[in-house]
Structure formats: structure tokens, C-alpha cells
Amino acid sequence: MPEKLLWARLKTSAQNEIPIRRQFPVLGKYILDFFYEDLQLAIEVDGNAFHDDRTDEDILRQQEVEAIGIEFLRLPARFVLRTPDKAAELVLSVCRGEVQLEELDTMFL
């Protein structure tokens, strides 16, 4: 499972440098894969492809969560599975402010 692979690499940082939380509840009806409170950032691992295969339910969920000020970083599962260390470093770089979300818009297309 890609979320577990990513968490195995993020949890040390979550305990020390950057307190990323796993399975974070929001709006009383959704669970985010990961959440970094300082940036109000949801980190989601998508099943098959970036954007194209997201369901209407997933899109609605993101819109509702964004409406309360939380931004999304979406990582394709295939990226996490192939390069879990790179995926974790990318997440941490965003959390540290070294990489902006706008820079990632076309990264996985």
C-alpha cells in the first residue's frame, strides 16, 4: 500500500522536524491520508493517475475541504510505489517551503 510506504518514510520527520499527521479527520466526514497543520496542507496518495481517474466524489470531497482553507498535494500511487524516498522528500520539501504547490501542477501529467 503506497500510503504505508510513504508513512514509513515520513513518520520520523513527523516526530521531529515536521509534525505530519496520518489519517487526519476533517469536516466530520472525511479522512485525509496525511495533514500538515502549519500549512493547512492535505497530502493525498491517488490510486491510479493524477487528476484523470479521480471520481466525482473525490473531486467534491477536495472542493469541500479546500473551502475551509486546506490545500492539497496529490501524489500518484505509482510515483510513491516506484520512488518512495523521492515522494517523501518531495512532501518534506513542500512542508519546508522549499517547493511551492504551483511548481508541482504539471509534475505528474
Side-chain angles (χ1 to χ4, degrees):
M1 178 175 247
E3 292 90 0
K4 287 184 180 181
L5 264 177
L6 186 58
W7 181 241
R9 284 146 178 86
L10 292 176
K11 67 183 172 184
T12 300
S13 179
Q15 295 165 355
N16 300 315
E17 174 192 3
I18 298 170
I20 294 171
R21 298 178 59 189
R22 184 171 186 226
Q23 298 293 296
F24 186 77
V26 65
L27 294 174
K29 59 183 175 178
Y30 300 123
I31 302 290
L32 303 174
D33 291 340
F34 304 99
F35 182 68
Y36 180 47
E37 189 171 1
D38 288 0
L39 293 182
Q40 292 294 291
L41 179 67
I43 300 125
E44 292 285 300
V45 178
D46 288 333
N48 294 321
F50 189 70
H51 292 297
D52 295 337
D53 292 341
R54 291 178 46 214
T55 65
D56 289 342
E57 180 180 306
D58 196 31
I59 292 167
L60 176 63
R61 171 182 175 263
Q62 181 168 335
Q63 289 171 341
E64 288 183 21
V65 174
E66 285 177 332
I68 62 167
I70 295 174
E71 292 187 276
F72 277 73
L73 167 57
R74 292 190 163 279
L75 302 172
R78 67 180 182 274
F79 172 63
V80 175
L81 289 168
R82 280 190 230 159
T83 57
D85 292 330
K86 281 186 180 181
E89 188 50 45
L90 177 63
V91 169
L92 294 173
S93 292
V94 170
C95 291
R96 289 184 201 113
E98 298 166 353
V99 174
Q100 301 302 308
L101 290 176
E102 299 79 32
E103 297 175 50
L104 303 176
D105 284 347
T106 59
M107 182 176 182
F108 301 111
L109 297 178

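Owing to the predicted nature of the structure, the values given are computational and were not obtained by experimental measurement. Starting from 1, each residue takes its place in the sequence as its number.
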Output for pair (I18 CD1, D38 CG), nearest 0.5 Å, gives 9.0 Å

### Task
Is it possible for you to say whether I31 and I20 belong to one hydrophobic cluster, with membership spreading through side-chain heavy-atom contacts below 4.5 Å?
no

From the list E64, Q62, R61, side-chain hydrogen bond (donor to acceptor under 3.5 Å, both in side chains) partner of Y30 resolves to E64

- Between the side chain of D33 and the main-chain N/O of V45, is any donor-acceptor distance below 3.5 Å? yes

message = Please say yes or no: joined through hydrophobic side-chain contacts below 4.5 Å, possibly via intermediate residues, are L90 and W7 part of one cluster?
response = yes

Separation between CZ (F34) and CG (L10), nearest 0.5 Å, reads 6.0 Å

Any salt bridge linking E17 with R96? Criterion: basic side-chain nitrogen under 4.0 Å from a carboxylate oxygen.
yes

Output for pair (I43 CD1, E3 CD), nearest 0.5 Å, gives 12.5 Å

Q) Can F72 be reached from L101 by stepping across I, L, V, M, F, W or Y side chains whose heavy atoms are under 4.5 Å apart? A) no

Between L75 and V80, the two heavy atoms sitting closest are CB-CG2, 4.1 Å

For Q63, the side chain to side chain contact (heavy atoms under 4.5 Å, CB included) test, sequence neighbours excluded, returns I59, L60

Across all chains, not counting sequence neighbours, the side chain to side chain contact (heavy atoms under 4.5 Å, CB included) partners of T83 are F79, K86

Rounded to the nearest 0.5 Å, the CG atom of L27 sits from the CD1 atom of I68 at a distance of 4.0 Å

Please evaluate residues V94 and E71 with respect to the criterion side-chain contact (heavy atoms from CB on, under 4.5 Å), reporting the C-alpha separation (whole Å), side-chain torsions for both, the decisive distance (0.1 Å), and the verdict. CA-CA 12 Å; V94 170; E71 292 187 276; over 6 Å; no

F35 meets the side chain to side chain contact (heavy atoms under 4.5 Å, CB included) criterion, sequence neighbours left out, with F24, L32, E37, Q40, I70

To the nearest 0.5 Å, atom CG of L6 lies from atom CG of L81 at 10.0 Å

